[in-house]
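Working notes, beginning with the structure itself.
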Protein chains: 2
Amino acid sequence: MFPTTDADGRPLLATLKDVARLAGVSVKTVSNVVNGYEFVKPDNRRRVEEALATTGYRPNIGARNLRRGRTGSLALVLPELSIPYFGEMAGLVLEAAGEHEWNVLIEQTLGTRDRERSTLAALGPHMIDAAIVSPEALHARDFDQLDPGIPVVMLGEHSVDVPIDHVGIDNVLAATVATSHLVELGRRRIAAIGAHPYRGTATQRLDGYRAALTAAGLPLRHEYIVQALNYHRRDGADAMAHLLSLPEPPDAVFCFNDLLAIGALRAAAEHGVSVPRDVAVVGFDNNEESAYSMPSLTTIAPDKAAIAHSAVDLIRRRININGGQNLAPEDVQTPFSLEIRESTR
Amino acid sequence: MFPTTDADGRPLLATLKDVARLAGVSVKTVSNVVNGYEFVKPDNRRRVEEALATTGYRPNIGARNLRRGRTGSLALVLPELSIPYFGEMAGLVLEAAGEHEWNVLIEQTLGTRDRERSTLAALGPHMIDAAIVSPEALHARDFDQLDPGIPVVMLGEHSVDVPIDHVGIDNVLAATVATSHLVELGRRRIAAIGAHPYRGTATQRLDGYRAALTAAGLPLRHEYIVQALNYHRRDGADAMAHLLSLPEPPDAVFCFNDLLAIGALRAAAEHGVSVPRDVAVVGFDNNEESAYSMPSLTTIAPDKAAIAHSAVDLIRRRININGGQNLAPEDVQTPFSLEIRESTR
DNA sequence: TTGAAAGCGCTAACAG
DNA sequence: CTGTTAGCGCTTTCAA
């Protein structure tokens with residue numbers, strides 16, 4: 001009985017030819033059946049299907065892709081899977097890509113431009129059909145690294161001035177919403193944690209923060225804008241500690257991601273400052289943990305599933321339309337909401 | 001100049017043959033150079049290297065693998081990337097596999113036996129060279145789904161009685177250490193959250209918990225053992241709420257993972273119960289967030305990097321030694337430590 | 001030391 | 001409707 005093993009005890013994989021021989025037809029007919037081609041003589045179809053079953057035939061995807069000139073894989077390039085936001089996004093991209101029979105090759109760049117560049121370069125045209133990139137430090141010309149025939153969609157970051165599809169939320173607007181929420185709470189000394197010299201989303205969120213303050217007639221105080229070179233919990237704690245040491249500490253803080261905010265919560269507690277009474281805190285990303293922090297965190301909640309699906313759709317569009325060249329780059333804005341929790345109640 | 005584009009503007013990828021023609025040698029010679037074969041006439045080598053450079057040649061990995069009969073990919077089968085433990089593990093496995101030029105195909109099972117089974121079945125022998133599986137609900141015979149020629153290593157879970165390589169920490173011992181820590185704190189009413197009808201690690205952790213109580217001469221009280229069908233934060237909160245409603249609530253809780261513990265911390269706070277004063281809490285996994293929860297969480301910290309590396313090493317061993325068949329299954333125990341933080345101080 | 005050629009498993013003209 | 005056959009790009013005998 002099939003599948004069987006050879007002399008060495010290794011499993012013997014049935015090929016199209018094996019199936020054809022067993023069914024007494026040509027490989028073409030078997031291929032037709034396997035690929036759901038309609039016009040196959042019923043009798044042959046039956047015999048082929050039987051042979052398929054007894055051999056336990058499984059197509060060799062590698063060979064098929066070689067022949068078809070595609071790889072069946074997408075690359076997902078992101079800083080680090082251990083960062084909750086990217087872990088959650090990756091899971092959703094996996095699901096979305098799976099619906100179209102794509103495998104996803106995940107590459108971690110650890111957020112350094114060097115690794116982002118070399119990853120793009122290593123993504124040979126033979127490895128992947130397209131790439132979804134969540135850049136952190138990339139410059140425009142770094143995209144030369146990538147084979148021009150490969151469709152790319154960028155997630156989140158959009159400052160890089162390069163004609164590439166992009167999907168993400170309106171960061172400026174979201175930051176305005178977050179900051180305005182603090183204003184409406186009656187807070188007047190509102191700080192921001194997460195300014196960054198060249199990260200595009202940071203710039204946009206800072207713009208939104210500034211816009212909200214200006215709209216409310218509040219002064220922009222430079223000492224309330226704290227830079228964060230990394231966006232980990234520790235950085236948030238450090239920044240918050242700094243803010244609380246100011247002569248006139250803020251009564252509210254808008255953090256550019258949830259990890260910074262979680263760190264800020266801890267620093268506040270360690271300084272004996274009560275959240276939200278003394279200082280209200282808003283985050284950004286809506287990580288799952290933010291609903292369970294103490295206090296739970298008010299945060300901007302991007303529709304991550306929508307981001308994942310839009311990214312995959314953009315890719316499909318480019319792959320289906322000729323080579324995807326000469327198609328104007330699209331910029332998809334996905335929805336977000338403000339999730340109000342204890343840190344601002 | 002290469003790489004160039006054809007009439008349609010599509011990039012033209014140089015093949016071995018192109019390079020050979022340009023260098024005026026045979027494909028064999030080019031192949032030799034590309035693969036670092038030593039004995040190539042210096043003059044030819046130079047010409048080939050020049051041609052390689054001007055064409056921007058990149059080997060077609062798919063074709064190479066087809067010919068070599070390998071795929072260059074590992075499967076990593078886990079419940080969900082959005083769960084911090086698995087996000088962190090996945091990142092480490094990616095790194096470890098990358099050191100040996102393996103791509104990693106991540107498959108999410110969402111922890112259901114059905115999806116775990118179908119995932120194993122779909123992992124055709126042509127897609128991957130081996131699989132790293134972190135099972136949650138798998139039964140022994142589900143492994144029949146997988147092609148017998150494919151080496152598998154199981155992570156964490158080891159109850160499934162099947163002759164397969166395994167790597168993980170000693171769950172019984174770790175649970176004993178965690179529980180004994182609570183005993184040493186002077187706690188006498190120690191509860192456990194996370195019992196599960198068929199999850200192997202749950203059984204082992206429960207065993208360790210029982211052993212520690214018995215060793216300390218403490219009674220086993222069945223009302224202190226709370227089942228959790230899922231291991232999310234919500235389940236921990238529910239379980240803790242239940243425990244606190246008992247006539248005689250516990251003065252310590254050992255949670256079978258950090259998410260349960262995080263949920264437990266929140267429920268305690270909501271019930272006005274102070275941690276660790278009224279009830280001490282220990283978790284398991286050492287998720288990054290546990291160092292920043294309020295209070296920070298004492299937890300069992302498995303050496304995750306060691307797990308990832310051991311898993312990849314076990315696979316390499318099986319792939320290098322013949323087909324890996326007839327090699328006794330190995331059980332690698334990786335180190336762990338008890339990370340003591342505020343929740344037990 | 002290198003060339004010629006076979007063939008990994010599959011798809012897709014092209015005949016018939 | 002189906003068989004034959006030519007490759008996809010690469011590695012690898014086998015000879016030379």
Side-chain angles (χ1 to χ4, degrees), chain A residues 3 6 10-49 51-52 55-72 101 124-127 129 147 149, chain B residues 3 6 10-49 51-52 55-72 101 124-127 129 147 149:
Chain A
D6 69 9
R10 296 163 149 259
L12 210 53
L13 304 174
T15 70
L16 269 194
K17 210 183 346 181
D18 297 330
V19 179
R21 196 181 315 124
L22 184 60
V25 298
S26 77
V27 283
K28 179 63 165 63
T29 303
V30 181
S31 174
N32 282 342
V33 171
V34 169
N35 290 292
Y37 184 63
E38 203 174 347
F39 305 104
V40 176
K41 205 155 50 176
D43 188 46
N44 279 342
R45 177 183 298 279
R46 195 186 41 68
R47 307 231 308 284
V48 169
E49 275 165 354
L52 246 24
T55 53
Y57 172 80
R58 321 279 271 110
N60 182 325
I61 311 289
R64 173 182 289 174
N65 287 338
L66 174 60
R67 181 59 232 234
R68 284 190 179 158
R70 48 132 25 195
T71 70
E101 325 255 275
H126 306 296
M127 300 284 297
D129 296 335
D147 192 280
Chain B
D6 69 10
R10 294 164 149 259
L12 208 53
L13 305 175
T15 70
L16 268 194
K17 206 181 354 181
D18 297 330
V19 179
R21 197 181 314 124
L22 184 61
V25 298
S26 77
V27 283
K28 178 61 163 64
T29 303
V30 181
S31 175
N32 281 343
V33 171
V34 169
N35 291 291
Y37 183 63
E38 201 175 350
F39 305 104
V40 177
K41 208 155 46 176
D43 187 46
N44 279 343
R45 178 183 298 277
R46 194 185 42 69
R47 307 232 307 284
V48 169
E49 275 164 355
L52 246 23
T55 52
Y57 171 81
R58 320 277 272 110
N60 181 324
I61 311 290
R64 174 182 289 174
N65 288 338
L66 174 60
R67 182 57 234 237
R68 284 191 180 157
R70 50 141 9 201
T71 70
E101 325 255 274
H126 305 296
M127 300 282 298
D129 296 335
D147 192 282

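Numbers restart at 1 for each chain; the letters A, B, ... are given by sequence-line order, proteins then strands. Since this is a predicted model, take the numbers as computed values, not measurements.
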Judged by nearest nucleotide, the residue sitting upstream toward the 5' end of DNA chain D, A:V27 or A:R45, is A:R45
Spacing of CZ belonging to A:R47 relative to OG1 belonging to A:T29, to within rounding of 0.5 Å: 9.5 Å
note: A:R21, atom CZ; D:dT4, atom P; distance rounded to Å ~ 13 Å
Counting heavy atoms from C-beta on, name the nucleotide in C:dT11, C:dT2, C:dC10 closest to the side chain of B:K28. C:dT2
Check the pair A:D129, A:T71 against side-chain hydrogen bond (donor to acceptor under 3.5 Å, both in side chains), reporting the backbone distance first and the verdict last. CA-CA 6 Å; A:D129 296 335; A:T71 70; 3.0 Å; yes
For a 4.5 angstrom cut-off between non-hydrogen side-chain atoms, does B:I61 reach B:E101? no
Between D:dT12 (P) and B:N65 (CG): distance, integer Å: 12 Å
Base, sugar-phosphate, or nothing: which does B:N44 touch, judged by heavy atoms less than 4.0 Å apart? sugar-phosphate
A:S26 has its side chain closest, among D:dG3, C:dT2, D:dC10, to D:dG3
When the distance from CZ of B:R70 to P of D:dT12 is rounded to whole Å, what number comes out? 12 Å
Rounded interatomic separation in angstrom, taking OH from B:Y37 and C1' from C:dT1: 7 Å
Can you check the B:K17 NZ to D:dC8 C1' distance for me, whole Å? 10 Å
Looking at every heavy atom in both B:G72 and B:N65, which two are closest together, and how far apart are they? N-ND2, 3.9 Å
Heavy-atom distance under 4.5 Å between the side chains of A:K41 and A:V25, does that happen here? no
Toward the 5' end of DNA chain C, which comes first, B:R68 or B:K41, by nearest nucleotide? B:K41
Take the protein atom CG of A:L16 and the nucleotide atom P of C:dC8, then report the distance between them rounded to whole Å. 13 Å
Round to the nearest Å and state the distance from B:D18 atom CG to D:dG9 atom P. 8 Å
Find the distance A:Y57:OH to C:dG9:P and express it as a whole number of Å. 10 Å
Quick check for you: among C:dG9, D:dT11, D:dG3, whose closest atom lies nearest to any side-chain atom of A:N60? C:dG9
Taking 4.0 Å as the cut-off, does a side-chain nitrogen or oxygen of B:T29 come that near to OP1 or OP2 on C:dT1? no
Measuring to OP1 and OP2 of D:dC10, would you say a side-chain N or O of B:S31 lies under 4.0 angstrom away? no
C:dG9 phosphate, OP1 or OP2: any side-chain N/O from A:R64 under 4.0 angstrom? no
